[in-house]
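Okay, so here's the structure we're looking at.
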Amino acid sequence: MISVKIKNNINRRADEVQTKYENNAQNYVDSIASYFRSQVIRSMYAPKTGKTYPKTKANIPHISSARGEAPAVDTGTLVGSIDLRKISKLVAKVFTNTEYAPFLENMDRYFMSPQSVAYKNSEKMGKALIKKLKVR
């Protein structure tokens with residue numbers, strides 16, 4: 001009698017593929033969350049076109065944001081409160097806990113909402129990165 005034993009390692013390979021995919025997905029979430037946070041902060045420091053107010057400390061005028069622009073940095077409280085927290089392997093949260101942040105968004109000073117430049121830039125970045133989310 002002649003016999004041939006056929007054996008494969010597909011289960012082991014499937015586990016490797018799953019692990020690599022999950023690692024890539026985690027890196028994707030981390031990258032986008034970090035990028036979004038940096039874009040939020042960058043948008044607040046971008047030049048503004050709103051009203052100019054005299055500043056008492058150091059005689060530096062403050063130029064406020066106009067509608068559609070992210071809030072201008074004045075005291076630094078809001079920009080300093082933008083934080084990133086990893087919720088789980090595949091979920092991250094960028095947030096601020098300042099009381100007046102929702103008020104600014106509602107006054108069309110978008111900095112974190114889907115109307116914000118930071119959100120739109122991060123969405124583009126996410127689409128570019130998702131193409132690289134593969135297992136080799």
Give a yes or no on whether [X] and [Y] share a hydrophobic cluster (residues Ile, Leu, Val, Met, Phe, Trp, Tyr; joining criterion: side-chain heavy atoms under 4.5 Å apart).
| X | Y | value |
| --- | --- | --- |
| Leu90 | Ile32 | no |
| Leu104 | Tyr45 | yes |
| Val29 | Ile130 | yes |

Spell out, as yes or no, whether a donor-acceptor pair under 3.5 Å connects the side chain of [X] to the backbone of [Y].
| X | Y | result |
| --- | --- | --- |
| Ser64 | Lys51 | yes |
| Lys86 | Lys93 | no |
| Ser122 | Ala118 | yes |
| Arg109 | Gly68 | no |
| Ser116 | Ser113 | yes |
| Gln39 | Val117 | no |

Is any side-chain heavy atom of [X] less than 4.5 Å from a side-chain heavy atom of [Y]?
| X | Y | value |
| --- | --- | --- |
| Thr96 | Asp83 | no |
| Val40 | Tyr119 | no |
| Asn121 | Tyr35 | yes |
| Ile41 | Val73 | no |

Measure the [atom1]-[atom2] distance between [X] and [Y] for me, rounded to the nearest 0.5 Å.
| X | Y | atom1 | atom2 | answer |
| --- | --- | --- | --- | --- |
| Leu129 | Asn27 | CG | CG | 10.0 Å |
| Tyr28 | Ser31 | OH | OG | 9.5 Å |
| Ile82 | Phe111 | CD1 | CZ | 5.0 Å |
| Thr75 | His62 | OG1 | NE2 | 9.0 Å |
| Ile63 | Glu69 | CD1 | CD | 10.0 Å |
| Met112 | Leu78 | CE | CG | 9.0 Å |

query: Does the side chain of Tyr21 come under 3.5 Å of the side chain of Asn23 through a donor N or O and an acceptor N or O?
result: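 No - no donor-acceptor pair under 3.5 Å links their side chains.
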message: Regarding Glu22 and Gln18, do their side chains bring together a donor and an acceptor under 3.5 Å, going by distance alone?
response: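 Side-chain D/A pair, Glu22 to Gln18: present.
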Where do [X] and [Y] come nearest, in terms of heavy atoms and distance?
| X | Y | result |
| --- | --- | --- |
| Pro71 | Ser65 | CA-OG, 3.6 Å |
| Gly76 | Val79 | O-CG1, 3.5 Å |
| Gln26 | Lys89 | CG-O, 3.2 Å |
| Ala33 | Val94 | O-CG2, 3.5 Å |

